[in-house]
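Computed from a predicted structure; not experimentally measured.
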2 protein chains.
Amino acid sequence: MSADVAARRGIPDASVARLPGYLQALTNLAERGISSVSSEELAAAAGVSSAKLRKDLSHLGSYGVRGVGYEVDRLAYEISTALGLTQDWPVAIVGMGNLGRALAAYSGFTTRGFNVIALLDRDEAIVGAPVGDRTVRPMGDLDALVRDDRLAIGVIATPADSAQDVADRLVEAGVRSILNFAPCVLDVPDDVMVRKVDMSTELQILAFHEQRRTGELDLGRTADVGEVAL
Amino acid sequence: MSADVAARRGIPDASVARLPGYLQALTNLAERGISSVSSEELAAAAGVSSAKLRKDLSHLGSYGVRGVGYEVDRLAYEISTALGLTQDWPVAIVGMGNLGRALAAYSGFTTRGFNVIALLDRDEAIVGAPVGDRTVRPMGDLDALVRDDRLAIGVIATPADSAQDVADRLVEAGVRSILNFAPCVLDVPDDVMVRKVDMSTELQILAFHEQRRTGELDLGRTADVGEVAL
DNA sequence: GTGACTTTGTGCATCCCTTCACAAGTGCGT
DNA sequence: ACGCACTTGTGAAGGGATGCACAAAGTCAC
């Protein structure tokens with residue numbers, strides 16, 4: 001019925017963002033030889049509430065069995081399909097500094113669904129150098145990568161001041177999905193999707209809560225609860 | 001009035017998550033010698049809508065001037081204060097693999113508000129080795145770090161299978177803010193805050209949208225727009 | 001075959017966040 | 001001194017996501 005339509009169209013962003021977590025939990029369960037799981041158990045493994053999990057999964061279709069739960073392999077397959085992980089997406093990493101090298105060596109990329117086909121750097125002094133079992137290539141290779149190897153996703157691991165340039169080059173070459181590790185906002189056309197990963201931002205959010213916590217402890221010495229008198 | 005109360009209490013999570021972005025944009029403006037900025041300009045620099053920006057800032061207090069805008073230095077200071085960045089938070093990085101080393105070398109940490117006071121690893125073979133200008137220390141040092149150096153934030157950069165162990169050790173030592181780079185869910189007490197950074201998850205979200213896009217292109221050959229007939 | 005038990009899928013209410021639109025407030029030119 | 005142009009701060013409206021509670025649907029034991 002409309003399950004296929006729902007699968008391709010109306011999945012809320014918030015749900016999509018949680019699907020990778022479910023997939024990970026399912027993979028763990030499969031490795032431990034567990035073949036069936038209830039929404040309650042899977043939700044606990046993924047760190048969400050069971051109601052949220054069931055609603056999320058309902059957007060994909062109806063792959064559970066009432067009174068029993070979900071078949072682990074089946075559900076993992078359905079989520080993989082929904083996320084588009086049945087094919088391997090070609091990925092290029094731009095910027096071979098510390099972070100770029102760490103990402104290039106990161107096994108999580110190759111685990112499933114992604115294939116790092118090229119490492120690039122703008123600096124001619126680095127181009128040609130070996131990184132792992134690959135060789136750093138020049139930015140000029142981008143067009144060929146998109147054309148010949150169907151490069152679809154670009155990872156920016158450069159310093160902030162060159163990130164926009166790199167993004168422009170990626171977009172120009174035809175890449176429309178970018179994962180940005182540089183601490184800056186990228187200006188790209190509307191049809192290009194950018195996701196940002198920034199450790200500094202995350203730390204600052206932690207700091208906010210840490211400060212709020214200690215601040216409230218200090219407050220607790222004079223006033224227990226509620227509004228502060230002025 | 002209630003500005004101080006609001007500053008410590010009722011800032012929505014969504015707003016807090018955007019404050020670091022504003023701070024970054026303000027820092028850039030300051031470096032370029034710009035001393036005053038309107039909500040429209042700052043919003044563009046931070047990649048959000050101006051209405052959202054103004055509402056976010058209104059939670060901190062009233063630091064703008066109608067008809068003029070915001071003074072860059074002043075606003076940066078107020079946001080820093082709200083985030084708790086007027087002090088330097090001691091941070092420890094656990095796990096000295098590829099990622100841990102890259103994070104240890106990452107300049108973004110030390111930029112402002114954070115101070116990496118220790119690099120730890122569980123593997124005795126790595127303990128004692130130099131990383132940058134620091135020496136890798138054993139997990140047993142955690143208690144002393146919390147007690148003597150007020151360690152408040154722990155960064156987990158280990159493989160997924162040891163992340164939970166490390167988290168337990170951190171919590172046991174008294175750390176209540178954790179930034180987790182390992183691709184797994186951490187089980188911690190309620191009063192411990194965990195934020196997760198996972199490149200694999202981000203890539204999968206990009207893949208979803210990339211797939212949806214190409215899927216719709218294929219669809220476009222037969223049906224232009226709207227519901228698909230069944 | 002039947003009944004008791006388990007678990008999914010989902011309508012509904014609630015909450016939070018975003019967006020809109022404008023009154024209130026400020027500076028500037030005349 | 002006064003009006004004009006501009007921008008902030010905010011109530012109100014709208015949209016989305018979350019949590020609840022339960023009917024629907026299936027299994028298992030006997």
Check the phosphate of [N] against [X], side-chain N and O only, distance under 4.0 Å to OP1 or OP2. Yes or no?
X     : N      : value
B:R66 : D:dT10 : no
A:Y70 : D:dG26 : no
A:S39 : C:dT8  : yes
B:K52 : C:dT19 : yes
B:Y63 : D:dT7  : no

State which of [options] makes the closest approach to the side chain of [X].
X     : options                : value
B:R54 : C:dT18, D:dG9, D:dT18  : D:dG9
A:A51 : C:dC17, D:dG19, C:dG9  : D:dG19
A:V65 : C:dT10, D:dG26, C:dT18 : D:dG26
A:S62 : D:dG19, C:dC20, C:dG9  : C:dG9

I need the single residue from A:I156, A:V116, A:I117 that forms a side-chain contact (heavy atoms from CB on, under 4.5 Å) with A:I93. Which is it?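 Of all the options given, the one that passes is A:V116.
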Whole Å only: how far is the [atom1] atom of [X] from the [atom2] atom of [N]?
X     : N      : atom1 : atom2 : answer
A:E41 : C:dT6  : CD    : P     : 14 Å
A:D56 : C:dG9  : CG    : P     : 12 Å
B:E71 : D:dT7  : CD    : P     : 17 Å
B:H59 : D:dT10 : NE2   : P     : 9 Å
A:L60 : C:dT8  : CG    : P     : 15 Å
A:L75 : C:dT7  : CG    : P     : 16 Å
B:L53 : C:dT18 : CG    : C1'   : 13 Å
B:L57 : D:dG9  : CG    : C1'   : 10 Å

Have a look at B:S49 and say if it touches a base, only the backbone sugar-phosphate, or nothing, with a 4.0 Å heavy-atom cut-off.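 Answer is sugar-phosphate: B:S49 comes under 4.0 Å of backbone atoms only.
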Side-chain touch B:L57/B:Y22, heavy atoms, less than 4.5 angstrom: yes
So, under a plain 3.5 Å distance rule, would you say the side chain of A:K55 forms a donor-acceptor pair with the base of C:dG9?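 Answer no: no donor N or O sits under 3.5 Å from an acceptor.
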Stepwise, does the side chain to side chain contact (heavy atoms under 4.5 Å, CB included) test hold for A:F114 with A:L85? CA-CA 8 Å; A:F114 302 98; A:L85 303 180; 3.9 Å; yes
So which one's nearest nucleotide on DNA chain D is more toward 5', B:G64 or A:D13?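 Residue closer to the 5' terminus by nearest nucleotide: B:G64.
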Side chains of A:D168 and A:Q164: donor-acceptor distance under 3.5 Å anywhere?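 Result is yes, a qualifying pair exists.
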Do B:V175 and A:E210 pass the side chain to side chain contact (heavy atoms under 4.5 Å, CB included) test, and can you show the C-alpha distance, the side-chain angles, and the key distance before you say yes or no? CA-CA 10 Å; B:V175 173; A:E210 190 70 31; over 6 Å; no
